[in-house]
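Structure first, then comments.
In what follows, chains are A, B, ... by sequence order, proteins preceding strands, each numbered from 1. Quick caveat: nothing in here was measured; it's all calculated off a predicted structure.
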2 protein chains.
Amino acid sequence: MLDATSSYNPMDRRIPVDDRTGQRIVPETARRADRLSGNRYGNRPTMKDVAARAGVGLKTVSRVVNGEPGVTPDTERRVQEAIEALGFRRNDSARVLRKGRTASIGLVLEDLADPFYGPLSRAVEEVARAHGALLINGSSAEDPDREQELVLALCARRVDGLVVIPAGDDHRYLEPEIRAGVATVFVDRPAGKIDADVVLSDSFGGARAGVAHLIAHGHRRIGFIGDMPRIHTAAERLRGYRAAMEDAGIPVEDSWMSLGVTGPERVRRAAEEMLSGPVPVTAVFAGNNRVTVTVVRVLAEHSRSVALVGFDDIELADLLKPGVTVVAQDAAALGRTAAERLFRQLDGALITPERIELPTRLITRGSGELPPAD
Amino acid sequence: MLDATSSYNPMDRRIPVDDRTGQRIVPETARRADRLSGNRYGNRPTMKDVAARAGVGLKTVSRVVNGEPGVTPDTERRVQEAIEALGFRRNDSARVLRKGRTASIGLVLEDLADPFYGPLSRAVEEVARAHGALLINGSSAEDPDREQELVLALCARRVDGLVVIPAGDDHRYLEPEIRAGVATVFVDRPAGKIDADVVLSDSFGGARAGVAHLIAHGHRRIGFIGDMPRIHTAAERLRGYRAAMEDAGIPVEDSWMSLGVTGPERVRRAAEEMLSGPVPVTAVFAGNNRVTVTVVRVLAEHSRSVALVGFDDIELADLLKPGVTVVAQDAAALGRTAAERLFRQLDGALITPERIELPTRLITRGSGELPPAD
DNA sequence: TAGAGCCTGGACAACGTTGTCAGATGCGGG
DNA sequence: CCCGCATCTGACAACGTTGTCCAGGCTCTA
């Protein structure tokens, strides 16, 4: 958390105190003072001001602003002029309060800086835009508490809907919100302990196919490097790995699997260990894009040729020598599907929670087709 | 724009009409009906409900919710129980209306799916979080109208501040907003026709250094492929290219410069033309990350060895053969700097608009050090 | 035990908008 | 000439919260 010693404390719950006198500074008073002193904050014209200037009633201004019928052209012109002159802009906060809908949805994901989430977020945004809604983004940094904090903050803002890429595994805290009408769709990983819509990639099937691909090219000693198994996708991919191995009747050595590996250094160490261990692997299956990138680095420094299939596509994968074979998932499709489902909920279609699984696609580029070198 | 034939029309300005009777459907009535029928929408408990259940006054609930002093432990407990039982959550819309600050800032950028903007957005989010504010994102898709639409929508929501990566070149429409107190910082490109804070990378200096680097390695026929010169960064990089060439006393052929090139196909064509033209180039300077990626592809298919320096770092650039030499800018630093400046404005520090330029860094990896092959 | 002062709690207005409803205006026809 | 009707306009309440301010009960001291 960055330091924030500032006077901008929108959510501050303490009562500010004057340094010299020790008196409580009453915020309202402060705000009034701002207004009177011509401070730049606040002090925006309201419909009332526009009405006064145009010499019409409040509601007439509202009608003009909202394009409602029943205003003579002449009156409308006068109102428009007043709006122009004062630089009036409707206060949507007040509008929201009155109407009950905020026309905004929230998206909670792991890390907006991850190239996997950018396209996903953009896809959600496009769908929201098509429905006249804005998008509020938040990164949970894979921290369940932060996820909950974010989600509840969004609920307090009364977002109409939530798209959540869960970090935690217990979402019962969302029950009252969902009951109260907040549309909710989970993406990439299912919700924990509640029944809700979820859109995910076929991690199990994708991983299984990827590993089977390596087996088909003659590999039997195949390593798996993945994230913490408490993350659903990581667990599913591991399950896919195991299933493919079992399908082929290959017993798996413990030293071939590295789980809960995050951060480039740990991935590097894990890869080096399974490449030089007592029973060295001839191929590696990488559980996500970050792992893939690091493994590519390690293999580039490695003398022996080692096959690689990664989960998630990465940019420029086709230009490496050899090209990196991957099990690709479509991040944008995940986001789009989830958002569309969200707005279907908001349309009031009484739909029972569903699990939507999108297929993955094996893209062969060379690294996965290398023969075992042992 | 996606199709949106839905009943969720938060911004709808038309008056809905009953299909059968032709009567106007009065939204308020509809909403009341929803409530009465136990519809899941709306119908959330308010402080009043909590107060009634706890047998206390409205303001007492407010005090408990906001952690204000002056409530006996026993009363507080009763209120907490009522909150728990009803699943109450404070309505921040109403709070915002009363307090005048929304504790949210807006970020308008070109495309969240672009790997350059992900880290930038994340950095802005972190700073916002440190100040207790949420972040609303919007993509302008490089369309000035859409930028304006987004910005004004955010202003109507009364965001406390705006970070804008401009698509247009005239931001006078923001003048009333800024006067009204919306803190504003532009990033990556300066604002048009208004005086405002701006944080940018040293595009001119970076490009000049990058091209000088190629010249230092013996190149004289150097191509430039960049975006539309109406985009400030593109123009600056072109200027840097020209400056470096002029510094070295090298006259520039028109056929070496491709401007306003967007989309992989056009970049590809531009690159092929300058490689096979009457005076073929021996090196290429790529004006942004998307151009770089495509040029790398073209060069990979090309027999003759051609040097390349790109503006913006790209992932895996070090793993290509040869590694891609780039002029790197720090997207996260841009975002962080801009956001910090924004909150400094909100703190009320009377600061005059400033232009902050962040340095770029030349990262040599091989492609920029190839000798001319002619 | 009375009075001063503190602590707790609650009634009320206000934030800026929209929905309701009734009043004003103008027009045409009887 | 007046009535009815349609059209246009505006007063008012409500949305859910917070700031202000006062009342009532308590403690403490003289």
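- For A:Val61, the side-chain contact (heavy atoms from CB on, under 4.5 Å) criterion is met by A:Met47, A:Val50, A:Ala51, A:Val56, A:Val65, A:Val79, not counting sequence neighbours.
- Base engagement by A:Gly70 is indicated by at least one non-hydrogen atom pair under 4.0 Å involving a base atom.
- Sorted by residue number, the members of residues 47-63 of chain B with any non-hydrogen atom under 4.0 Å from DNA chain D read B:Met47, B:Leu58, B:Lys59, B:Ser62.
- Scanning for side chain to side chain donor-acceptor pair (under 3.5 Å) contacts around A:Thr75 gives A:Thr72, with sequence neighbours left out.
- Atom OG in A:Ser93 sits 14.0 Å away from atom CZ in B:Arg98 (nearest 0.5 Å).
- At the heavy-atom level, A:Thr75 lies under 4.0 Å from the strands shown only through sugar-phosphate atoms.
- Considering only residues two or more places apart in sequence or on other chains, B:Arg89 meets the side chain to side chain donor-acceptor pair (under 3.5 Å) condition with A:Glu177.
- Between the P atom of D:dG16 and the CZ atom of A:Arg157 lies a distance of 18 Å, rounded to the nearest Å.
- In this view, A:Gln80 satisfies the side chain to side chain donor-acceptor pair (under 3.5 Å) rule with no residue, not counting sequence neighbours.
- Taking the side-chain contact (heavy atoms from CB on, under 4.5 Å) definition, one finds that A:Ala141 meets it with A:Arg146, B:Arg122, sequence neighbours left out.
- Listed by chain and residue number, A:Arg172, A:Arg179, A:Ile194 satisfy the side-chain contact (heavy atoms from CB on, under 4.5 Å) test with A:Glu175 (two or more places apart in sequence, or in another chain).
- Contact check, A:Asn91 against C:dC15: no side-chain N or O comes under 4.0 Å of OP1 or OP2.
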Output one line per pair: protein atom, nucleotide atom from nucleotides 22-26 of chain C, and distance, for all N/O pairs under 3.5 Å.
none

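- One finds no side-chain N or O of A:Arg158 lying less than 4.0 angstrom from the OP1 or OP2 phosphate oxygen of D:dG16.
- Using a 4.0 Å cut-off, no side-chain N or O of B:Thr72 falls inside it from OP1 or OP2 of C:dC7.
- Rotation axes derived from the C1' atoms of the five outermost pairs at either end of the helix from C:dT1-D:dA30 to C:dG30-D:dC1 lie 60° apart, to the nearest 10°.
- Checked by distance alone, A:Arg98 brings a side-chain donor or acceptor within 3.5 Å of a matching partner on the base of C:dT18.
- For A:Glu84, there are no salt bridge (Lys or Arg N to Asp or Glu O under 4.0 Å) partners at least two apart in sequence or on another chain.
- A:Asp197 is linked by a side chain to side chain donor-acceptor pair (under 3.5 Å) to A:Arg341, A:Gln345, counting only residues two or more places apart in sequence or in another chain.
- Ring pair A:Phe186/A:His171 is perpendicular by interplanar angle, where above 60° counts as perpendicular and below 30° as parallel.
- The side-chain contact (heavy atoms from CB on, under 4.5 Å) search around B:Asp74 returns B:Arg77, B:Arg78, not counting sequence neighbours.
- B:Val96 comes within contact range of no nucleotide atom at all, as no heavy-atom separation falls under 4.0 Å.
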